[in-house]
Amino acid sequence: MLKVEIDGKEVEVPHGSTVMDATNKLGIYVPHFCYHRKLSIAANCRMCLVEVEKAPKPMPACATPVTDGMKVKTASALAKKAQNSVMEFLLINHPLDCPICDQGGECQLQDLAVGYGGSASRFEEEKRVVLHKDIGPLVAAEEMSRCIQCTRCVRFGQEVAGVMELGMIGRGEHAEIVAFVGQSVNSELSGNMIDICPVGALTSKPFRYSARTWELARRRSVSPHDGLGSNLVVQVKQNKVMRVLPLENEAINECWLSDKDRFSYEGLNSNGRLTHPMVRKNGQWKKTDWQTALESAIGGLKDFGVLASPHATLEELFLAGKLGGPADFRLRHSDFSADGKRAGIPWLGMPIADLAKLDRVLVVGSFLRKDHPLIAQRLRQAAKRGTQIHVLHSVDDDWLMKITSKKIVPPSEILNLISSFSEILKGGENAAILLGNFAQQHPRAAAIHAAAQAMGVKVGFLGEAANSVGGYLAGLPASGGLPEAKKKKALLLLSIDPQLDSAHSIEGANFIVNLSAFKSDIGDVLLPIAPFTETSGTFVNTEGRVQGFHAAVRPLGDARPAWKVLRVLGTMLGLPGFEFETAEQVKDACLAGRDVSKLLSNGISEVKADSKTIQGIQRIADVPIYFADPLVRHSPPLQKTRDAQAPKAWMNGKLLQALGVAHGNSVLIKQGQGQSKLVAALDDRLPDQCVRIAAGHPSTAALGAMFGSLTLERVSAEKAA
């Protein structure tokens, strides 16, 4: 440890620390712009100049290494003069547009100008103008004249997101931040550039000009999307969610958010919201009151099953499971043979933060960047520190990190190749196998789980959704689960579109009660329920952490929290155990004093693998990041991104040639009883005899199951017309 004196206070810091690290440890604030604790040192703003004893001039605190016995003054006359001078230079070209700037009220430059800026500028030359940039539907770069070239956004892309989408060109007063020619910003983490920009150069395009920061009330919440359970700050004005920002939690999302977590709120007030109960009469939807709708629902719910979203709250899943029939939340799974053979609830197998401590990782069947953006970010940082990342999958997407080894094989071969990584993993002191969404949805998922366990290292499940762990904790699957539920002639759907959120057909049901926050044409009774911002609830993330939240706004229209609707349905059905007044009471009944940590286990007893082989062309199905649940599908800005483009039939050149199809031709795909017409596209990284076709989209919904064999034929020009 090194001893250093800062403003007369002594502190010990590790070797390699900077003066900024020492001041942070003492709680002494040093003004800065380019410094960010999660990014590399750039030292290009010079705002953090401090006086160091025996140094001939002020030194940047962020880039000056500590030496033993060093004495530093952060607020001496010399330091203050240097800081004031830097601020004067920064303001020379900065536009005088604070009254119309979206960053007003939360602008780092604005704040520091009060303490370190002069009352007037000595420069009378014209301010420079930098043209706006169009870098996509999420991040606005309309006012780049405000940029102070701190390069935080550039470094974030390179170091955290893993891809350099922005860069700085020019020198001196001609320097400016630009995207690559003709390119937009497409990273699934791009919104974090808005947070780290210290001025109003990069702002939120959906939020732009909609509210001032001091007008917004703030509510803590939890993301309802992937299994991470990112902590959120939901900002509200006049009972409307205006913006979502990260709530810092080093154990979960650090200070970052994925774009899905950040911008999905735009779906909350979309035209697709369901605001009134509706019943179908003579094939037409009619608005009605709650009493009539509930009575209609009860009249048809005889011997019914329940299909619930894994994005629903713990309370909603618990009450759905108590309705008496078979109930399940594993809507995209195709193998249920592990039921009754698990030692406990499948989970990550370790705290999220411990991913950084692994020295060898095998990721099996995961579209990691899109399914789990912030877990991918943690593994990216781990790879930089030397962690070996190994991949076994059916696609070769770029994870934007160093991959030590990978095997890209058809879905049918994944199970047989897990053991081929045995020697690689046994060489590590702290190794783990992580099973992704694709592996969990695989027709041989139980056998893949057992094969991973047989490797003798940690096994973890990358939770597919916000309550993939919470669903089990809530008592699902119940009464045979999904295999039994889909046989029923009556169904209750909770927060799902069965065509897009399930890999299973419900065509056999002749009566459907659909609890949904969004309009739908599926069902006989539509009951409007509140999304996560309009209800209290609990999510249990992939590491088993129980996180509760409260409503940020009142429900829209006649919508009601789903737990209340389920409570009333249970009461009307004459079932016991539905006497709850608050969501907290439902949660307490669900957990009933149980220690969640003791219920988590990835152990599994021996399972017999299905020996059937898939003949012909195999389907590889991912669920694109912005098709994954109803809320993101209804968010207009997310639907304008590159990741929300309509699915194509991706295959390698060898298969294209065998089919007599060229890139860009239309092809007719048949799977089971369904068919779909898509555009063929070339991806030579895919294995032979495989076609990648996304699920979760209306254009591919008719194909049904996410795994299986396909037939393809070229659509002639006449047929296409």
Side-chain angles (χ1 to χ4, degrees), residues 32-36 39-40 42-47 86-113 117 121 123 125-161 163-187 189-213 243 245 259 262-263 637 640-642:
H32 60 271
F33 292 111
C34 68
Y35 170 79
H36 190 284
L39 303 177
S40 62
N44 53 6
C45 78
R46 317 308 282 184
M47 191 66 211
V86 170
M87 177 58 70
E88 185 175 18
F89 280 119
L90 287 173
L91 294 177
I92 289 173
N93 277 311
H94 200 79
L96 302 175
D97 62 353
C98 291
I100 64 159
C101 179
D102 257 8
Q103 198 87 345
E106 53 187 7
C107 174
Q108 204 171 334
L109 181 67
Q110 197 177 57
D111 292 342
L112 292 182
S121 175
F123 292 84
E125 291 77 11
E126 287 187 9
K127 292 178 180 289
R128 78 168 188 160
V129 174
V130 181
L131 295 179
H132 75 276
K133 279 77 175 175
D134 186 358
I135 58 175
L138 304 179
V139 181
E142 299 293 322
E143 308 291 347
M144 292 305 289
S145 294
R146 300 170 184 158
C147 178
I148 60 171
Q149 289 83 49
C150 72
T151 69
R152 279 185 177 185
C153 56
V154 178
R155 285 176 285 142
F156 171 83
Q158 289 177 293
E159 299 165 16
V160 180
V163 55
M164 185 176 177
E165 295 182 292
L166 297 178
M168 189 164 70
I169 61 170
R171 301 183 69 181
E173 72 168 4
H174 301 293
E176 60 179 291
I177 301 293
V178 298
F180 289 98
V181 179
Q183 297 292 312
S184 58
V185 172
N186 296 303
S187 165
L189 301 176
S190 67
N192 294 291
M193 294 179 181
I194 300 166
D195 293 340
I196 63 176
C197 181
V199 294
L202 300 178
T203 53
S204 169
K205 190 168 281 190
F207 176 71
R208 187 172 163 82
Y209 295 148
S210 59
R212 288 296 195 179
T213 181
R243 186 167 61 165
L245 297 176
D259 288 351
R262 183 185 300 272
F263 295 108
K640 294 176 184 175
T641 62
R642 187 176 67 179

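- No more than 12 heavy-atom neighbours from other residues, nucleotides or ligands sit within 6.0 angstrom of CZ on F89.
- The two residues T641 and P137 make their nearest non-hydrogen contact at CG2-CG, 3.7 Å.
- Formation of a donor-acceptor pair under 3.5 Å by the Q110 side chain with backbone atoms of G104 is not found in this model.
- The shortest distance between side-chain heavy atoms of H36 and C150 does not fall below 4.5 Å.
- Salt bridge R243/E106: present, at least one basic N to carboxylate O contact under 4.0 Å.
- Considering all non-hydrogen atoms of both residues, G167 and V154 come closest at CA-CG2, 3.9 Å.
- Shown here for S190 and D259, the closest heavy-atom pair between the two residues is OG-OD2, 2.6 Å.
- A donor-acceptor contact shorter than 3.5 Å is absent between the side chain of R208 and the backbone of A140.
- Between K205 and D134 a salt bridge is recorded (basic side-chain N to carboxylate O distance below 4.0 Å).
- Contact check for S40 versus E159: side-chain heavy atoms found under the 4.5 Å cut-off.
- Looking only at distances, a side-chain donor or acceptor of Q103 sits under 3.5 Å from a matching main-chain atom of C197.
- Every residue two or more places apart in sequence or in another chain that forms a side-chain contact (heavy atoms from CB on, under 4.5 Å) with P637 is listed here: L138, P206, E266, S635.
- Annotation: side chain of L90 is in contact with side chain of F33 (closest heavy-atom distance under 4.5 Å).
- No donor-acceptor pair under 3.5 Å is formed between the side chain of E142 and the backbone N or O of H132.
- Annotation for R152 and H32: closest pair NH2-CD2, 3.8 Å, computed over non-hydrogen atoms.
- From Y209, atom OH reaches atom OG of S204 across 13.0 Å, with rounding to the nearest 0.5 Å.
- Around atom CZ of R212, more than 12 heavy atoms belonging to other residues, nucleotides or ligands sit under 6.0 Å away.
- Atom CE of residue M87 and atom NE2 of residue H94 lie 10.0 Å apart, to the nearest 0.5 angstrom.
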Run the side-chain donor-acceptor check on residues 177-187: report pairs under 3.5 Å with partners two or more places apart or on a different chain.
from	atom 1	to	atom 2	distance (Å)
S184	OG	N186	OD1	3.1
S184	OG	N186	ND2	3.3
N186	ND2	S184	O	3.3
S187	OG	L189	N	3.0

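- Nearest heavy-atom pair, L202 versus C153, reported as atom, atom and distance to 0.1 Å: CD1-CB, 3.7 Å.
- Within the 4.5 Å cutoff, side-chain heavy atoms of D97 are placed close to those of R146.
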